[in-house]
Structures are given as C-alpha cells and as structure tokens.
Protein chains: 2
Amino acid sequence: MAHSVSSEPARVLRQAGLRVTPQRLAVAREVMNRQHPTAAEVFEAVRGQFPTMGLATVYATLNTMSRCGLVKPLPFADAVRFDANVSPHANLICTHCGRITDFEGCIDLLGQLRDRTEQGAGFALDAERLDLYGTCSNCRPQ
Amino acid sequence: MAHSVSSEPARVLRQAGLRVTPQRLAVAREVMNRQHPTAAEVFEAVRGQFPTMGLATVYATLNTMSRCGLVKPLPFADAVRFDANVSPHANLICTHCGRITDFEGCIDLLGQLRDRTEQGAGFALDAERLDLYGTCSNCRPQ
DNA sequence: TTTACTGCAAAGGGTTTGCATGAGG
DNA sequence: CCTCATGCAAACCCTTTGCAGTAAA
C-alpha cells in the first residue's frame, strides 16, 4: 500500500469533499477501526484526545459521513451503530458476547436476492441490511 | 379454516399464556392486520375502540408479545416497528412510498446463509433480520 | 475571507417506569 | 382471591437543534 494506515481516514474525508479537522480525523479513525460503534462509544474513545469535544460534534460528524456514504447507520434497539463497511455484507451478531463482525462470504446470495425480488415482486433492490443473530465461535462450547 | 379470522388473535394470546383482555385483543388484531406498524400507529388505530387507553399499555402489550415470540421488533431510525411474521423472510422496504412488505421467496437463501456462516465463521445462526431497500412495483416507471 | 465545523446548552421525541386502580383466570 | 393488566404522569435517554465562536481552505 502506498499510503500509511493513519492517512486513510484523512484521504477518505478529503475525497468526500469534507473539511479535514483534527476532531473529524479522530472520529473517522475510531469508526473505521472499531466494530460498529455507537456515537457514545466513539465519543468516549475520542474525548481522550480532545477533552473539550462534545457529543453533538460526534453526532454531526457521523451524520455527515453517513450522508456522504462513508458509513452506514444501523439502528438497534438501544442505539444506532455505525458501519464503516459500506459494501454488501452480513453482520454477525453474537447474542452471548454482543460482538458484531462482518461476514463477506455471502455476496453472491445478495445478488441472488436481487434477482428474486425483481422477478418475484417487481422490486428493484438498491441496498440491504442483513443482521444474523446467533453464537460466535468464541462463545460456542468448543 | 376451522376458526373465524377474528378469533385468531385471541387464540394466539391464550396459547402464549397471556391474559386475554379487550385491549390486548385490539392491539394483537392491529399488529397482525397491519404491515409492520409502530407503537404509535397501533395506538392510533386502537384508541378509536378504547378512548381511555394509553400509549404505555400499547408498549407494554407489544413488548410482552415480543418476549413471547408473537411479534418481532424491528428498530428503524425513526421508531421501532413490529413484525407479526416471525418466520424467516425478507422485508421489502420501498424508499419512495415507505411501504414495507414481506417477501418469502428467499427462505432457501437464508438456509444457505446458515451453512455459510457455520462453515465460514463457526457462527451458529439462530435468527436473522433481512431488510431490502429499493423501489416497489407500484413506484416504478411502469 | 468565506464557509463550514466546533462546542455548549437546551429542547425534542420515542420508550420506559412507578404506582394506584381494576379486571382476568 | 390473587395475580397481572391498565392508565396516567413523570422520568429516561438517545439524538437533534440553535447559536456564538473558531478554524479549514
């Protein structure tokens, strides 16, 4: 890779036409490095570097990034989580430890889904949210 | 069918071990007859029959039904919607008219998903939420 | 310099809670 | 009868809004 890992968020922000502020960089870094964090979790992680930063700024940044397609908001019962992976995939949600991991091994099935809804219901598929609830490998008996 | 349509909700409630009150019957009827309503929508529909009924009672009933597996809560950005169809299916969400319709023609794909997550990530799938965003047949140009 | 982001406080809105009353089994 | 549902109001908490100050480009 030509760029350092730490420059990735800056590049992504700039490319979307957004102003690159230190606060935004921190938020972008956290949302990209963590697994589907909430705004509060990003806030907690970021306030160490910017003690004066407000939760409203975190929301503003995450909403701006959502509007630009850089992250995808996932409403859950307790709060909205933000997914930095905006390409088609499934979210594996462990009901024991709560961890959410991306699963890419089903992109072809999402393609089939597109055909099915098109032919079966005349529905033109644009995007999808696929949450799979169950038990992850760490939480299984063996 | 042996039972009248109107007795369905009562039977479902009783079978789950829940007390059958007139208010609960009304809530159960609405959530089963409507397409993924919010608590507020159920409340609006039910208050015609029970003017003294409170929104808190609607929430209490829907949460009780959720706990018993009679409905499935679907958190969205604006509010939680309740799905009376608890068997595996996809929710077709039209981004133009907002209508949400069930799509059952993908149960086999959900089965494949189970195998994929099992073999690909050691993940034991229990339940899923599949929301498909797009344009429904009514909203398409022909 | 211009435009947009930050930060703080207050408001908004969906959902829950507490408690007294009332009804189902 | 005993337990649980109802109804009302207030509280909760996540999220948004308004606005003055400030920094990116």
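As a basis for the values below, the full set of heavy atoms in this structure was taken, side chains included, without hydrogen atoms, waters or symmetry mates. The chains referred to below are lettered A, B, ... by the order of the sequence lines, with proteins before strands, and numbering in each begins at 1.
- There is a path of hydrophobic side-chain contacts, each under 4.5 Å, that joins B/Val42 to B/Val20.
- At the heavy-atom level, A/Thr61 lies under 4.0 Å from the strands shown only through sugar-phosphate atoms.
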Completion exercise
A correct 5'-to-3' footprint of nucleotides 7-16 of chain C, with B, S and - meaning base, sugar-phosphate only and no protein heavy atom under 4.0 Å, is BBB----SBB
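- A continuous path of hydrophobic side-chain contacts links A/Val58 to A/Val80 [ILVMFWY only; heavy atoms under 4.5 Å].
- Listed by chain and number, the residues in a side chain to side chain donor-acceptor pair (under 3.5 Å) with A/Asn63 amount to none (sequence neighbours excluded).
- Salt-bridge check for B/Glu104 with A/Arg116: failed, with every basic side-chain N at 4.0 Å or more from each acidic carboxylate O.
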Exercise for the section: Apply side-chain hydrogen bond (donor to acceptor under 3.5 Å, both in side chains) to B/Gln35 and B/Asp83, showing your working. Expected result: CA-CA 7 Å; B/Gln35 290 287 327; B/Asp83 196 338; over 6 Å; no
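- When each of B/Arg34, B/Gln49, B/Glu8, B/Arg24 is paired with B/Arg29, the side-chain contact (heavy atoms from CB on, under 4.5 Å) condition holds for B/Gln49 and for no other.
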Exercise for the section: Please assess A/Asn91 against A/Tyr133 for the test side-chain contact (heavy atoms from CB on, under 4.5 Å), listing each intermediate value before the final yes or no. Expected result: CA-CA 8 Å; A/Asn91 299 121; A/Tyr133 293 88; over 6 Å; no
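- For DNA chain D, the span of nucleotides reached by chain B at under 4.0 Å from its heavy atoms goes, 5' to 3', from D/dT3 to D/dA9.
- B/Leu132 and B/Leu110 fall within a single hydrophobic cluster, where Ile, Leu, Val, Met, Phe, Trp and Tyr are joined by side-chain heavy atoms under 4.5 Å apart, directly or via other members.
- A donor-acceptor pair under 3.5 Å links the side-chain atoms of B/Glu41 to the main chain of B/Thr38, judged by distance alone.
- Among residues two or more places apart in sequence or in another chain, the salt bridge (charged side-chain N to carboxylate O under 4.0 Å, His left out) test is passed with A/Arg14 by none.
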With 3.5 Å as the limit, what N/O pairs link the protein to nucleotides 22-25 of chain C?
residue, atom, partner, partner atom, Å
C/dG24, N2, B/Arg19, NH2, 3.2
C/dG25, OP1, B/Val20, N, 3.1

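- Two end axes, each from the C1' atoms of five base pairs, can be drawn for the helix from C/dT1-D/dA25 to C/dG25-D/dC1; they diverge by 50°, to 10 degrees.
- How far OG1 of B/Thr101 is from CG of B/Leu92: 4.5 Å, rounded to the nearest 0.5 Å.
- Follow the hydrophobic side-chain contacts under 4.5 Å out from B/Leu130 and you never reach B/Phe82; the two are in separate clusters.
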